[in-house]
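The structure under discussion appears below in the form of structure tokens.
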Number of protein chains: 2
Amino acid sequence: MINIHQNGNCLECDKKCSAFKRLLSEELNYINQYRFHITYKKGEVIFKQNTPASNVISISRGVAKTTFEDKFNKNLILSLIKGPSLVVGPGIYVDNIYHFTLTALTEVHACIIDVLAFKKLIRENSDFAEQYISEMSVRAIRNYQRTFCLTHKQMHGRVADALLNLSQNIFNAPEFEMPLTRQELGEYTGLTKESVSRILTKFRDDQLIQMDGNIIEILNMDKMITISENG
Amino acid sequence: MINIHQNGNCLECDKKCSAFKRLLSEELNYINQYRFHITYKKGEVIFKQNTPASNVISISRGVAKTTFEDKFNKNLILSLIKGPSLVVGPGIYVDNIYHFTLTALTEVHACIIDVLAFKKLIRENSDFAEQYISEMSVRAIRNYQRTFCLTHKQMHGRVADALLNLSQNIFNAPEFEMPLTRQELGEYTGLTKESVSRILTKFRDDQLIQMDGNIIEILNMDKMITISENG
DNA sequence: TTTTATAATTGATCCATATCATTTGAATAT
DNA sequence: ATATTCAAATGATATGGATCAATTATAAAA
């Protein structure tokens with residue numbers, strides 16, 4: 001974990017997440033005092049479930065995952081996140097605890113922001129608050145679809161959903177380097193790693209995808225969407 | 001559906017949900033102009049998924065469910081809600097569409113509030129906004145646990161969870177009248193009605209619960225919690 | 001290079017849960 | 001009281017995925 005105070009300040013930052021674009025210059029200068037910039041290596045934990053939630057994270061670059069784990073160390077990947085994006089643990093308005101773990105899947109550039117500074121801006125700038133509410137709302141809606149997917153679709157549909165999400169929401173391209181292991185794909189789709197492996201082999205045999213090492217390309221996007229929709 | 005403009009106004013209302021308790025008198029008088037009170041009968045739809053989200057609902061009394069349905073009419077019960085509680089479709093900050101259906105499970109007394117009036121208060125009263133954010137946050141946290149439950153626990157654990165939620169969060173008593181059919185319990189737990197039926201019979205045979213018609217009593221709360229925790 | 005550890009693949013088997021089919025029960029209407 | 005409808009219970013069977021086990025790749029370390 002390399003701590004580099006970025007030269008510039010928030011005012012000039014061109015990797016601001018949407019909410020921060022709603023802030024006034026003076027507010028950006030204010031928040032600039034309460035943040036520091038860190039680069040995480042692949043695999044590093046940014047914050048850990050069940051620890052005190054003292055920061056919000058503005059990811060400027062890279063891909064990360066949020067995971068929920070129980071006492072038996074069974075994991076569930078809640079979401080995949082691509083910078084620029086603001087990651088706020090909901091616990092900051094509930095019990096001041098992180099309710100999931102945030103982990104870098106690639107190198108991640110992020111600003112660690114003091115939670116009190118964040119909350120102050122939420123109270124003082126209603127544009128900012130509204131944008132934050134809007135982002136929470138988008139996630140809530142995604143959650144409905146995701147819960148539905150995990151409970152009502154079977155293997156093929158779930159893996160298709162995962163691949164489509166990676167392609168469309170994270171990498172914006174049909175071809176990408178898979179940032180998740182088979183184990184993690186399992187934790188994301190609610191399957192075992194063996195099942196994920198089998199489905200991917202099946203997809204490849206059916207000419208739906210191409211796999212070259214860790215590079216995956218969706219060859220037939222329409223078919224993939226159909227599989228996702230039909231569960 | 002009986003439309004009765006309640007005699008009193010919001011200022012005097014003793015069934016306010018938490019967020020409204022944060023409003024000033026003048027704000028309560030303001031919102032009072034943009035709401036009307038309705039009583040729904042059991043089974044009636046309060047608002048329907050995919051229709052324009054023009055209101056937020058303040059449930060003062062009764063129990064309701066939110067359901068998410070796909071194009072094949074497969075349903076998932078997202079949550080159970082007990083008054084007093086504010087139900088806001090997240091779509092009001094995204095695409096002005098309801099993303100789930102809200103249905104009365106018992107007789108429900110509710111105030112239908114204009115969404116623009118609600119949004120105005122969110123912008124103008126940061127206590128109100130903060131309380132709303134806090135409630136969204138609680139739901140987000142519950143969602144993690146629920147998604148985990150539905151993907152990682154098996155039948156007994158899921159049904160135990162459902163019964164515990166009804167007992168602890170909805171009725172605040174070990175004995176209650178089951179507001180859900182077996183089919184609905186299935187839609188809530190991600191199981192078929194047949195499986196739910198079998199599990200309940202098993203629970204009764206094991207002296208975990210008592211069933212008298214539609215009345216269910218949890219006889220062994222500790223055991224039920226253990227089953228929930230061990231999946 | 002060889003060793004070691006970790007991830008991925010693949011096959012064989014088992015089991016949890018869905019599906020299908022029938023019966024029973026309860027509520028509502030005739 | 002009888003018919004009708006819908007919810008619930010229960011048994012028999014099928015199957016989607018998990019689990020277990022073995023093999024092969026891949027990558028890091030000695």
Side-chain angles (χ1 to χ4, degrees), chain A residues 41-43 65 72-77 103 105 148-163 177-206 208-216 227 230-231, chain B residues 41-43 65 72-77 103 105 148-163 177-206 208-216 227 230-231:
Chain A
K41 288 201 286 282
K42 177 179 172 167
K65 65 172 177 177
F72 303 117
N73 278 324
K74 283 196 277 189
N75 287 328
L76 169 71
I77 294 184
T103 310
L105 289 174
F148 189 89
C149 168
L150 292 175
T151 50
H152 283 71
K153 291 184 186 179
Q154 49 197 56
M155 295 203 291
H156 298 78
R158 291 196 225 170
V159 175
D161 267 19
L163 294 177
E177 188 182 345
M178 171 58 69
L180 301 171
T181 63
R182 298 293 185 269
Q183 174 70 36
E184 287 172 318
L185 268 171
E187 289 168 0
Y188 188 48
T189 55
L191 300 169
T192 59
K193 58 185 187 304
E194 292 94 336
S195 293
V196 170
S197 195
R198 273 183 258 268
I199 301 290
L200 288 178
T201 304
K202 179 77 165 42
F203 280 178
R204 188 189 52 201
D205 292 349
D206 294 351
L208 258 163
I209 61 171
Q210 192 173 347
M211 290 193 282
D212 182 16
N214 223 10
I215 308 293
I216 285 200
I227 290 174
N230 293 329
Chain B
K41 287 200 287 282
K42 176 179 172 166
K65 64 172 178 178
F72 303 117
N73 279 324
K74 284 196 276 191
N75 287 327
L76 169 73
I77 293 183
T103 309
L105 288 173
F148 189 89
C149 166
L150 291 175
T151 52
H152 284 70
K153 292 184 186 177
Q154 49 198 55
M155 295 204 292
H156 299 78
R158 292 196 224 169
V159 174
D161 267 18
L163 294 178
E177 188 183 344
M178 172 58 71
L180 301 171
T181 63
R182 298 293 184 270
Q183 173 69 37
E184 287 173 317
L185 269 171
E187 290 167 0
Y188 188 48
T189 54
L191 300 168
T192 58
K193 56 184 189 301
E194 292 93 338
S195 292
V196 170
S197 195
R198 272 183 258 266
I199 300 292
L200 288 178
T201 304
K202 180 75 166 40
F203 280 177
R204 188 191 51 202
D205 292 349
D206 294 352
L208 258 163
I209 60 171
Q210 191 171 349
M211 291 194 280
D212 182 15
N214 223 11
I215 307 293
I216 284 199
I227 290 176
N230 292 329

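In what follows, every chain begins at residue 1, and chains take the letters A, B, ... in the order their sequences are listed.
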>> Does C:dT9 have OP1 or OP2 under 4.0 Å away from a side-chain N or O of A:Arg182?
In response: yes
> Any side-chain N or O of A:Ser195 less than 4.0 Å from the OP1 or OP2 oxygen of D:dA18?
Replying inline: yes
Between [N] atom [atom2] and [X] atom [atom1], what is the distance in whole Å?
X        : N      : atom1 : atom2 : result
A:Lys193 : D:dC20 : NZ    : C1'   : 10 Å
B:Lys202 : C:dT17 : NZ    : C1'   : 15 Å
B:Leu191 : D:dA9  : CG    : C1'   : 16 Å
A:Leu185 : C:dA8  : CG    : P     : 9 Å
A:Ile209 : C:dA8  : CD1   : C1'   : 14 Å
A:Ile199 : D:dA18 : CD1   : C1'   : 13 Å
B:Met211 : C:dA26 : CE    : C1'   : 15 Å
B:Glu184 : D:dA8  : CD    : C1'   : 14 Å

> What is the nucleic acid contact for B:Gly186, judged by heavy atoms within less than 4.0 Å: base, sugar-phosphate only, or nothing?
Replying inline: nothing
> With sugar-phosphate meaning primed atoms plus P, OP1 and OP2, does B:Thr192 contact a base, only sugar-phosphate, or nothing at under 4.0 Å between heavy atoms?
Replying inline: base
Is the backbone N or O of [Y] less than 3.5 Å from a side-chain atom of [X], with the two atoms forming a donor-acceptor pair by type?
X        : Y        : result
B:His152 : A:Asn75  : yes
B:Arg182 : B:Ser197 : no
B:Arg158 : B:Gly190 : yes

>> Surrounding CG of A:Asp212 (heavy atoms of other residues, nucleotides or ligands, distance under 6.0 Å), is the total greater than 12?
In response: no
> In Å, rounded to the nearest 0.5 Å, how long is the span from NZ of B:Lys202 to NE2 of B:His156?
Replying inline: 5.0 Å
>> Nearest heavy atom decides the nucleotide; on that basis, is B:Asn214 or A:His156 closer to the 5' end of DNA chain D?
In response: B:Asn214
> Between A:Gly213 and A:Val196, who's closer to the 5' end of DNA chain D by nearest nucleotide?
Replying inline: A:Val196
Which of these nucleotides, [options], is closest to any side-chain atom of [X]?
X        : options                : result
A:Arg198 : D:dT10, C:dT9, C:dG11  : C:dG11
B:Gln154 : C:dA16, D:dG16, C:dA8  : C:dA16
A:Glu194 : C:dA8, C:dT17, C:dT10  : C:dT10
A:Ser197 : D:dT10, C:dA18, C:dT10 : C:dT10

